[in-house]
Amino acid sequence: MAPRRQYLFSTVATKVLIAIAGLSLVGFLCVHLAGNLLLYVGAPAFNAYSHVLISNPFIVPLELALLALFVLHVLEAVTMWWTDRAARPIAYQMTRSAGGRSRKSLASTTMIVTGPIVFVFVAVHVATMKYGPWYVADLHGTEARDLHRLVLETLRRPVWLAVYLPCLAAVGLHLWHGVSSAFESLGLHGPRLTPKVLVAGKALAVAIAAGFLSIPIWIFFFGGRS
Amino acid sequence: MNVTVRVWRQGGAFGEGRLVPYEARDVSPDMSFLEMLDVVNESLVASGQPPIAFDSDCREGICGMCSLVVNGVPHGPDRGSTVCQLHMRRFKDGDTITVEPWRAAAFPVRRDLIVDRGAFDQIIAAGGYVSVGTGSAPDANAIPIPKDVAESAMDSAACIGCGACVAACKNASASLFVGAKVSQLALLPQGHPERVARARALVQAMDDLGFGNCSNEGECEAVCPKEISIANIARMRREYLRALVLGTDR
């Protein structure tokens, strides 16, 4: 019998790792969105929240863990895509979806397109926001980073709106297939569970995409809230 | 009715292939799709050309030998049926129909529309069986099996190994086939003792033979002539994870 570590490179294990990392990243997105919605409350609330995060000693290990999950998800997915290309070297002249019970969708066929879009977007987003200009705000007597000002300044510019809207839509499209697919990859399938997972996965994708999309649209067209 | 069939012609395993159009004239709507190809072949032979090579055996939808991608869908437009059960009444007079072989690295084309599906046999040889000595057939009720378990195992065992799942998958994954075989045996008491080692061995064989990853799209389930559910793929993954955790000694 092959040593057990070989298991981790099988097609089944690859999908399990992609699923675990992907669902963890979805969990992060939910927390991230909840924090971002404080922009609707106003600058003091948003800056107070960001100050709690920035000044927390646990934030660096958490960020590193998040980065590790992100890298794992990307590397495994690229390896998988490579194997899949090799598995069908000669393409069909004509392909159609069989319909019926198939879950094939625009989202499921473009995972390898929306994935890299999200990858580049996250890098640009972290560079502009996390490593962007450090404005200072007064937070009840303590000095804190004025992240609110940076967000408003950035998203009021048409060029950033043109970047954020399609990229956030790509996140939604990726999750439209990704969430329910992750459950399948983990073997979580059942006559009662699966119909619920399929609906909940799409609902979560729409909720996350709509939540994130609302912010740049609101700030650009309505100015946001100071 | 008259139709045009665009058929993949390839002289041999290593030859270059291309789609060649043929006119099928005065075809009866009651002919099966394969009978229509037989008619085309008769005219080809009569004019001294090599006939279109395609696989078929029982022509009653149970052997899993026929294997054509018709207009981009393995086994054609009907659900839950093999291409030998497809009839010309499904098409309209004047239609152009594209016919291609299964496409996968693990299923190399031998000639025209014939592919070598020996990879499936290699997967089964890797452990898709019960190796315990069972003796002669036991009494019908000697091993009690709950009705729902027996039904579930029978649904998995309905697989005829045609390979349409691989042909339909955008990644040419054999997960539905392997899932069905793993499930069929893991569900029943006879297959239970070797379930962990079997799941590991079959997945290993599938990967080694160059099949792709499962993307959970369910195209396989949609084209499967026996309508085998992707629940079998989920069960294969659970069995595999069991092997990962427990090891294969037990």
Side-chain angles (χ1 to χ4, degrees), chain A residues 1-16 18-19 76-77 79-105 107-109 111-112 177-178 180-191 193-194 198 201, chain B residues 6 8 17-19 69 71-75 77 79-80 98 100 103-106 109 166-173 175 197 199-201 203-204 206-207 210-223 227 229-231 233-241 243-244 247-249:
Chain A
M1 274 297 159
R4 209 181 295 184
R5 59 187 156 75
Q6 275 195 14
Y7 292 29
L8 292 173
F9 298 99
S10 72
T11 52
V12 174
T14 301
K15 292 294 291 194
V16 167
I18 291 176
E76 291 282 349
T79 322
M80 183 179 78
W81 177 70
W82 202 255
T83 327
D84 293 343
R85 274 169 59 95
R88 178 165 293 135
I90 301 168
Y92 287 108
Q93 303 281 318
M94 183 193 252
T95 43
R96 268 187 206 165
S97 174
R101 290 188 288 177
S102 174
R103 300 175 190 172
K104 194 170 195 150
S105 63
S108 77
T109 45
M111 294 299 275
I112 196 63
H177 176 70
S180 61
S181 177
F183 274 78
E184 292 289 342
S185 293
L186 294 170
L188 302 170
H189 181 110
L193 176 73
T194 302
L198 284 170
Chain B
R6 294 165 72 224
W8 184 263
R18 64 190 179 95
L19 285 175
V69 176
N71 283 340
V73 180
H75 288 311
R79 299 284 63 84
T98 305
E100 294 177 77
R103 291 282 184 210
V109 173
V166 174
C169 177
K170 70 183 169 94
N171 307 328
S173 168
S175 290
R200 211 206 74 80
V203 169
Q204 178 83 53
M206 165 174 79
D207 291 357
F211 293 101
N213 294 268
C214 169
S215 285
N216 305 313
E217 274 192 329
E219 279 287 304
C220 51
E221 179 184 87
V223 300
E227 298 183 305
S229 163
I230 58 168
I233 299 180
R235 192 179 290 102
M236 171 190 78
R237 286 164 168 155
R238 292 198 297 273
E239 292 294 322
Y240 189 81
L241 289 175
L244 183 62
T248 49
D249 296 339

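Side chains included, hydrogens not; waters and symmetry mates left out as well; all remaining heavy atoms used. This is a predicted model, so every value here is computed, not measured. Chain naming here is simple, since letters A, B, ... match the order of the sequence lines and numbering starts at 1 in each.
For Arg79(B) (side chain) and Gly99(A) (main-chain N/O), no donor-acceptor pair under 3.5 Å exists by modelled atom type. The closest donor-acceptor contact from the side chain of Arg101(A) to the backbone of Glu227(B) lies under 3.5 Å. Side-chain N or O atoms of His177(A) include one that pairs as donor or acceptor with a backbone N or O of Ser215(B) at under 3.5 Å. A donor-acceptor distance shorter than 3.5 angstrom exists from the side chain of Arg237(B) to the backbone of Glu184(A), with no hydrogens or angles considered. Looking only at distances, no side-chain donor or acceptor of Lys15(A) sits under 3.5 Å from a matching main-chain atom of Asn213(B). Side-chain atoms of Glu100(B) come within 3.5 Å of backbone atoms of Gln93(A) as a donor-acceptor pair (strictly under, hydrogens ignored).
When each of Ala105(B), Gly210(B), Gly17(B) is checked for heavy-atom pairs under 4.5 Å with chain A, Ala105(B) comes out on top. Note on Asn171(B), Ile233(B), Ile230(B): by heavy-atom pairs under 4.5 Å with chain A, the leading option is Asn171(B). Per-residue heavy-atom pair counts under 4.5 Å with chain A were compared for Met236(B), Glu239(B), Arg238(B), and the maximum is reached by Arg238(B). Options Ala87(A), Pro191(A), Ala86(A) differ in how many heavy-atom pairs under 4.5 Å they form with chain B, and the most are formed by Ala87(A). Comparing Pro74(B), Cys169(B), Ala168(B) by how many heavy-atom pairs each has under 4.5 Å with chain A, the most go to Cys169(B).
Of the atoms belonging to Ile18(A), not a single heavy atom falls under 4.5 Å from chain B. Both the backbone and the side chain of Arg103(B) come within contact range of chain A, each with at least one heavy atom under 4.5 Å from a heavy atom of that chain. Both the backbone and the side chain of Ser185(A) come within contact range of chain B, judged by heavy atoms closer than 4.5 Å. Of the atoms belonging to Cys214(B), it is backbone heavy atoms, and not side-chain ones, that fall under 4.5 Å from chain A.
The two residues Tyr240(B) and Ser10(A) come nearest to each other via the heavy atoms OH-OG, 2.9 Å. Among all heavy-atom pairs drawn from Thr98(B) and Met94(A), the shortest one is OG1-CE, 3.9 Å.
Atom OG1 in Thr109(A) sits 10.0 Å away from atom CD in Glu219(B) (nearest 0.5 Å). From Glu217(B), atom CD reaches atom OG of Ser97(A) across 8.0 Å, with rounding to the nearest 0.5 Å.
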